[in-house]
Amino acid sequence: MNLSQMRIMRELAERGTIAAVARHLHVTAPAISQQLAALHREMGVALTYRVGREIRLTEAGLALAEMAGTVHTLIDRAAETVREYGDDAGARVRVAAFQSAGQALLPGLLGSSSGSSSGSSSSPGLVFGEHDVAQPEFAALVDQYDLVIAHRMDHDEPWPSEQLSVTTLLSEPFDVAMSADHPLAGRSSVSAAELADESWIAAHAGFAPDVALGVVEATAGVRFQRAHRVNDYHLAASLIVGGELLALFPRYTAPRADPRLVLVPLEDVRIARNIDVLARPHALARVAVAGVLARLRGAADVLIEGHVQSPRTQDRNSEANLLRQTRVSVSNNRGFLRYRLPSAHSERPPTPHKGSRART
């Protein structure tokens, strides 16, 4: 059996006569009949039968025609993929991201797609997808997307580097978000103990910001009051600027449009998440995919530089240099945060666990 014979079976199922198939394939009717006769001999099973002038497919023939359609779809996809490994910088690139990273990084891709750095007029056809999933679920998305923007908390297991190429865009600390009118808003940093009597907006249990808040509690040695459970940073920001509430926000990707919202770094504990780009190694061999990854790194640099230029945090230049040094091809950090989980009635606060989910 060859691809030509399978295509004939597929077309015969749709068109019903040898003459119609021959016209569609631009060959003679006797050539089609010869291919069908050879296929019948090879299979040893009746694949067609006549009803007047029409050729009908037997059950076996219908099954073969259906499989032929599947085979030709896969061949078409394979051909498209091979072509994308050439010098076509304008090929389609599929990018997945979780919400807060997508809002911060993806618009920059659209803004920079009008031309390539080499001066070529071609640019990739970008297809975006939003996926707010638990950290362990990001790796599976590389089967659907060329690039997957994912998060990983410091205490979570590293990505399976033997299966993925991992590029770290940012190591993003969590800061304390508060209203500009809050008594602590003018500080360059705050300690965990100073936050013990505050009311907090926490993420739902098991999501990364709630786990991070448990680390701050462990440092302070007391339980904090979780007044609200909100996973969306925009809603949390609206609640913060309207009252005396606090929350933990990621430093670079959290919403900052409202000037009444202030982020103050923690001085005695560092909790951070990595923003990584996951890909199959062969995907990065495509010119278009490698170009989009380079622009994502540029967009991350813009986030860092914007933060460095702000007067709110001390020693921004040193921080930016440190962040650039953490950008690696494969993430292999295994220095996890570890705290003991207390009971519900303990005087000490809850603590992080592996595989936490992330408010995005």
Side-chain angles (χ1 to χ4, degrees), residues 100 134-136 151-158 170-179 182-185 187-233 236-237 239-240 243-254 262-276 313-315 319 322-323 326 331 333-360:
S100 59
Q135 184 264 339
H151 55 71
R152 184 181 67 82
M153 293 291 289
D154 279 346
H155 62 273
D156 285 333
E157 292 283 358
L170 294 170
S171 176
E172 183 174 37
F174 279 90
D175 294 331
V176 183
M178 62 186 71
S179 169
H182 193 281
L184 297 174
R187 300 278 298 276
S188 61
S189 62
V190 293
S191 67
E194 293 176 286
L195 306 172
D197 296 327
E198 302 290 339
S199 294
W200 288 81
I201 300 174
H204 289 282
F207 283 75
D210 188 59
V211 175
L213 187 58
V215 178
V216 181
E217 289 177 313
T219 305
V222 297
R223 286 184 177 275
F224 293 171
Q225 178 188 356
R226 287 166 166 78
H228 308 283
R229 295 279 187 178
V230 174
N231 276 18
D232 182 76
Y233 285 121
L239 296 174
I240 289 169
E244 295 293 315
L245 297 164
L246 304 183
L248 290 181
F249 272 28
R251 181 172 296 174
Y252 308 113
T253 58
V262 173
L263 298 188
V264 180
L266 289 157
E267 65 185 32
D268 51 354
V269 58
R270 185 184 188 276
I271 314 146
R273 69 178 183 183
N274 285 345
I275 296 182
D276 299 325
T313 303
Q314 298 175 335
D315 200 17
E319 178 185 10
L322 176 61
L323 286 167
T326 65
S331 176
N333 174 27
R334 297 184 180 271
F336 310 131
L337 292 173
R338 301 186 186 277
Y339 292 89
R340 185 180 300 277
L341 280 166
S343 67
H345 304 290
S346 169
E347 293 182 356
R348 295 193 61 80
T351 54
H353 55 82
K354 292 183 178 180
S356 59
R357 303 181 69 187
R359 176 173 70 189
T360 61

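Reckoned from all heavy atoms, side chains included, excluding hydrogens, waters and symmetry mates.
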Problem - Heavy-atom side-chain proximity of Val176 to Leu266 below 4.5 angstrom - result: yes
Problem - salt bridge (Lys or Arg N to Asp or Glu O under 4.0 Å) partners for Glu194, two or more places apart - result: Arg187
Problem - Residue list, side chain to side chain contact (heavy atoms under 4.5 Å, CB included) with Ala193, at least two apart or on another chain - result: Ser191
Exercise for the section: Determine, stepwise, if the pair Glu172 / Arg251 fulfils salt bridge (charged side-chain N to carboxylate O under 4.0 Å, His left out). Expected result: CA-CA 6 Å; Glu172 183 174 37; Arg251 181 172 296 174; over 6 Å; no
Donor-acceptor contacts, no H, no angles, side chain residues 198-211, under 3.5 Å, sequence neighbours left out:
unit_1: Glu198; atom_1: OE1; unit_2: His182; atom_2: NE2; d: 3.1
unit_1: Ser199; atom_1: OG; unit_2: Gln225; atom_2: OE1; d: 3.2
unit_1: Asp210; atom_1: OD1; unit_2: Arg226; atom_2: NE; d: 2.9
unit_1: Asp210; atom_1: OD1; unit_2: Arg226; atom_2: NH2; d: 3.4
unit_1: Asp210; atom_1: OD1; unit_2: Arg229; atom_2: NH1; d: 2.9
unit_1: Asp210; atom_1: OD2; unit_2: Arg229; atom_2: NH1; d: 3.4

Practice task
Decide, yes or no, whether a salt bridge links Glu217 with Arg223 under the criterion of side-chain N to carboxylate O below 4.0 Å.
Solution key: no
Problem - CG-CG distance between Asp175 and Leu248, expressed to the nearest 0.5 angstrom - result: 8.5 Å
Practice task
State which residues pass side chain to side chain contact (heavy atoms under 4.5 Å, CB included) with Ala192; sequence neighbours excluded, sorted by chain then number.
Solution key: Val216, Thr219, Ala220, Asp268
Fill in the blank from the handout: Across all chains, not counting sequence neighbours, the side chain to side chain donor-acceptor pair (under 3.5 Å) partners of Glu244 are none
Practice task
Can you measure from NE2 (His151) to CG (Asp276) and round to the nearest 0.5 angstrom?
Solution key: 10.5 Å
Practice task
Using the side chain to side chain contact (heavy atoms under 4.5 Å, CB included) rule, take Val215 and Phe174 through it: C-alpha gap first, then chi angles, then the decisive distance, then the call.
Solution key: CA-CA 11 Å; Val215 178; Phe174 279 90; over 6 Å; no
Handout entry: Gap separating the CG atom of Leu184 from the CE atom of Met178, nearest 0.5 angstrom
Key = 5.0 Å
Practice task
Please round to the nearest 0.5 Å and tell me the distance separating atom CG of Leu246 and atom CG of Leu195.
Solution key: 6.5 Å
Practice task
Look only at the side chain of Gln135 and the backbone of Asp156, and say whether a donor-acceptor pair between them is shorter than 3.5 Å.
Solution key: no
Fill in the blank from the handout: In terms of heavy-atom contacts, Ser171 and Tyr252 come closest through O-CE1, 3.9 Å
